[in-house]
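Reading through the structure tokens given below for one structure.
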Amino acid sequence: MILPIYTYGLSVLRKEAEEVPADFSELETLVQDMFDTLAKSEGVGLAAPQIGRSLRLVVVDLDVLAEDEPQYAGFRKAYVNPEIKEYGRQQDTYDEGCLSLPGINEKVKRPTSIRIAWKDVDGTEHDEWVEGFLARVLQHECDHLDGKVFTDRLSPLRKQMVKKKLLAISKGKVSAAYKIKTSH
Ligand code: NI
């Protein structure tokens, strides 16, 4: 089922999300709905707060990049209770966008590698170093679980530049090619 994407200004995006309980019976359905929603909006990552659920759950679909980046062919993963354990020393800057902040794209500096632990839908535990585009997407999505959005990471000057756009989104003056929910 395709769900509406919650946009900037809705309080769920600013909340610290709850751990997914071990016996969470909705998990499979919710993950499927998140993959459907992500595919429809042509995004690469989606965190549960973005569909209005304050849970530590992320889905990533990098298959859409496979034409340019063959190593991502078929890459679709759900991350239950992901936790970034370590950051690599190198950083780079990359243009980010967010389905919850339609029309805003800004360069964000982040570490190029992270060590991340998570469970998959079957409960299997993982703990791996990841790098490159995947590391960036996971950092962006894990920020959502802590009530952060990527514009929080901009310089004071760039923050000032996007302020009006953020205000417009939070007032519901926004449109997107996918279904959204606004606070007005
Ligand atoms: Ni986002």
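In each ligand, atom 1 is the first atom listed, and ligand 1 is the first ligand listed. Note: hydrogens, waters and symmetry copies are ignored here, and every other heavy atom, side chains too, is used. Numbers for residues simply follow the sequence, beginning at 1.
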Item to check | Under 2.8 Å from the Ni ion (ligand 1), the protein N, O or S atoms, given as residue and atom | outcome: Cys98 SG, His140 NE2, His144 NE2
Checklist entry - Taking only residues two or more places apart in sequence or in another chain, which ones pass side chain to side chain contact (heavy atoms under 4.5 Å, CB included) with Thr29? => result Asp33
Next on the checklist: Between Leu57 and Asn81, does the side-chain contact (heavy atoms from CB on, under 4.5 Å) criterion hold? Intermediate values first, please.
Outcome noted: CA-CA 6 Å; Leu57 175 62; Asn81 296 330; over 6 Å; no
Checklist entry - Is there side-chain contact between Phe75 and Asp61, with at least one heavy-atom pair below 4.5 Å? => result no
Scan the side chains in residues 163-180 for donor-acceptor partners under 3.5 Å anywhere in the protein, sequence neighbours excluded, and list what turns up.
from   : atom 1 : to     : atom 2 : distance (Å)
Ser170 : OG     : Leu166 : O      : 3.4
Ser170 : OG     : Leu167 : O      : 2.8
Tyr178 : OH     : Leu99  : O      : 2.8

Item to check | Lys40: partners by side chain to side chain contact (heavy atoms under 4.5 Å, CB included), with sequence neighbours left out | outcome: Ile2
Next on the checklist: If I compare all heavy atoms of Tyr6 with all of Pro49, which pair ends up nearest, and what's the gap?
Outcome noted: CB-O, 4.1 Å
